[in-house]
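Note sheet for the following structure.
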Amino acid sequence: MSTAETRTRRTPGLVPVAETLRTTERRPPEPSPRAVLPERAPWAFWRLLGSELGLTFRRPRNLWMLAVLAGVPVVMGVALRLVAADAEMGGIVTSVAGNSLMLTFASLSFLVVLLMPVAVAMVAGDAIAGEAGTGTLRYLLAAPAGRTRLLVVKYLNAVVFSFAVTAVVALAALATGLIMFPVGPVTLLSGTTVSMAEGLLRILISVGYVGAGMAALAAVALALSTFTEVSIGAVAGTVVIVIVSQVLRAIPQFDGLADYLLPARWTGFDGALRSPIDFGAMSEGLLTFGAYIVLSASVAWARFSGKDITS
């Protein structure tokens, strides 16, 4: 029998299969999966990030938090408007009543202490622990996403939400201030008066600075989220860290430690209210934020990359 003739292979219990060597040789080789994955990897990353952002900004809980944060500057504006007629009132009331843009700085100073950190902690703390608690983390890792890439996507989602929280507060305060208070040149903390356009630029700088501070907190919450399968535990742990840091700042014996605490740097955006802008102090704050991000991200990666996923 020649090599081109048909060979019949019989297997007990199966239908005979006729196959020739020439037919086998002409069969095209199957593509290697590894050759296809690198081409799809970038698109898969952005699809995963887009899906994560969509889930975050469609979740009713997150939308309610943003609505509450947007409502606080409005309440502050109305309250300051009512007490502005009192001649004995001074300080921040006089500053805000004298110019509409100052309400934005006042709102950031008030909300960055606790309410904004709580909103960011709820999203970042739920990033990994929430998936583990609902049993979807194992299915996410079953796809060719990889643990590192999934961790990066979760953190970028928290960073976007951090800047969204800051922007919502600033825009709500700016709109309220423009409606309720005089519009014109802005008197800074140093006593210098700048134009309204320059005042808006300083608001933009402040938003970027505060957003970076919230992104640093998001990294801390994400790191805690890799240690538990209960999201409320990561959220509560992050809030406790913020509260304890605020308490330590108020104790004189810990003055040397205050500069290294994350909340101590959040109000450093007031450097934008000085003339010239205090870029030195703001740069130190940004370096602190960067250090917290690198340290927390390293802890999160070390924990998550070697974690035994059982849920």
Side-chain angles (χ1 to χ4, degrees), residues 56-123 159-215 217 242 263 266-275 277 282:
T56 298
F57 286 95
R58 286 197 303 266
R59 183 169 294 177
R61 180 193 66 186
N62 298 340
L63 295 178
W64 275 110
M65 287 191 299
L66 292 175
V68 170
L69 289 171
V72 173
V74 177
V75 175
M76 289 179 59
V78 173
L80 292 173
R81 178 68 177 179
L82 293 176
V83 301
D86 191 343
E88 296 181 358
M89 299 299 293
I92 190 174
V93 176
T94 302
S95 300
V96 174
N99 189 273
S100 57
L101 301 187
M102 294 302 295
L103 180 62
T104 304
F105 297 106
S107 298
L108 288 175
S109 299
F110 177 71
L111 293 175
V112 78
V113 177
L114 188 59
L115 290 183
M116 289 172 60
V118 169
V120 172
M122 291 187 69
V123 171
V159 169
V160 172
F161 187 79
S162 299
F163 279 91
V165 165
T166 309
V168 164
V169 172
L171 290 175
L174 181 61
T176 304
L178 291 175
I179 294 173
M180 296 188 174
F181 302 104
V183 178
V186 183
T187 301
L188 304 177
L189 296 178
S190 56
T192 307
T193 301
V194 298
S195 64
M196 183 175 180
E198 186 173 347
L200 292 174
L201 177 61
R202 291 170 184 260
I203 287 178
L204 185 61
I205 294 174
S206 300
V207 169
Y209 182 90
V210 175
M214 293 297 100
L217 180 67
V242 173
W266 286 340
T267 55
F269 69 90
D270 60 0
L273 289 174
R274 306 184 186 280
S275 182
I277 298 177
M282 297 182 72

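The structure presented is a predicted model; accordingly, all values stated were derived computationally and were not measured.
Here the side chains of Val242 and Leu217 are in contact, with some heavy-atom distance below 4.5 Å. Within the 4.5 Å cutoff, no side-chain heavy atoms of Leu115 are placed close to those of Val169. Under the 4.5 Å side-chain criterion, counting only non-hydrogen atoms from C-beta, Met102 is not in contact with Ile203. With a 4.5 Å cut-off on side-chain heavy atoms, Ile277 and Ile205 count as touching. Phe181 is not listed as a side-chain neighbour of Leu101, based on a closest heavy-atom distance of 4.5 Å or more. Contact annotation: the side chain of Phe110 never approaches that of Pro73 to less than 4.5 Å [non-hydrogen atoms, C-beta and beyond]. The shortest distance between side-chain heavy atoms of Phe57 and Val160 falls below 4.5 Å. For the pair Leu178/Leu174, a side-chain contact is recorded, criterion being any heavy-atom separation below 4.5 Å from C-beta on.
Taking every heavy atom of both residues into account, Phe269 and Phe105 meet most closely at CZ-O, 3.8 Å. Residues Ser100 and Gly177 come closest through the heavy atom pair CB-O, 2.9 Å. Across all non-hydrogen atoms, the minimal contact from Ala70 to Val168 is CB-CG1, 3.6 Å. The two residues Gly211 and Thr166 make their nearest non-hydrogen contact at CA-OG1, 3.6 Å. The two residues Val186 and Gly199 come nearest to each other via the heavy atoms CG2-CA, 4.4 Å.
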* To do: Starting from the C-alpha separation in whole Å, work towards a yes-or-no answer on side-chain contact (heavy atoms from CB on, under 4.5 Å) for Trp266 and Met116.
  => CA-CA 11 Å; Trp266 286 340; Met116 289 172 60; over 6 Å; no

* **Candidate pair Thr56 and Val123, rule side-chain contact (heavy atoms from CB on, under 4.5 Å), full reasoning** => CA-CA 8 Å; Thr56 298; Val123 171; 4.1 Å; yes

* Asked: Please walk me through it: do Ser107 and Val72 pass side-chain contact (heavy atoms from CB on, under 4.5 Å)?
  -> CA-CA 8 Å; Ser107 298; Val72 173; over 6 Å; no

* To do: Please lay out, stage by stage, how Leu82 and Val78 fare under the test side-chain contact (heavy atoms from CB on, under 4.5 Å).
  => CA-CA 6 Å; Leu82 293 176; Val78 173; 4.3 Å; yes

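The CZ atom of Arg59 lies 9.5 Å from the CE atom of Met122; values are rounded to the nearest 0.5 Å. Note that OG of Ser206 is 8.5 Å distant from CG of Asp270, once rounded to the nearest 0.5 Å. The CG atom of Leu103 sits 9.5 Å away from the CG atom of Leu108 when rounded to the nearest 0.5 Å. Separation of atoms CG (Leu69) and CH2 (Trp64) is listed at 13.0 Å; rounding is to 0.5 Å.
Counting only distance, with no hydrogens or angles, the side chain of Thr192 and the backbone of Leu188 share no donor-acceptor pair below 3.5 Å. Proximity of a side-chain donor or acceptor of Arg202 to a complementary backbone N or O of Arg274 within less than 3.5 Å is detected.
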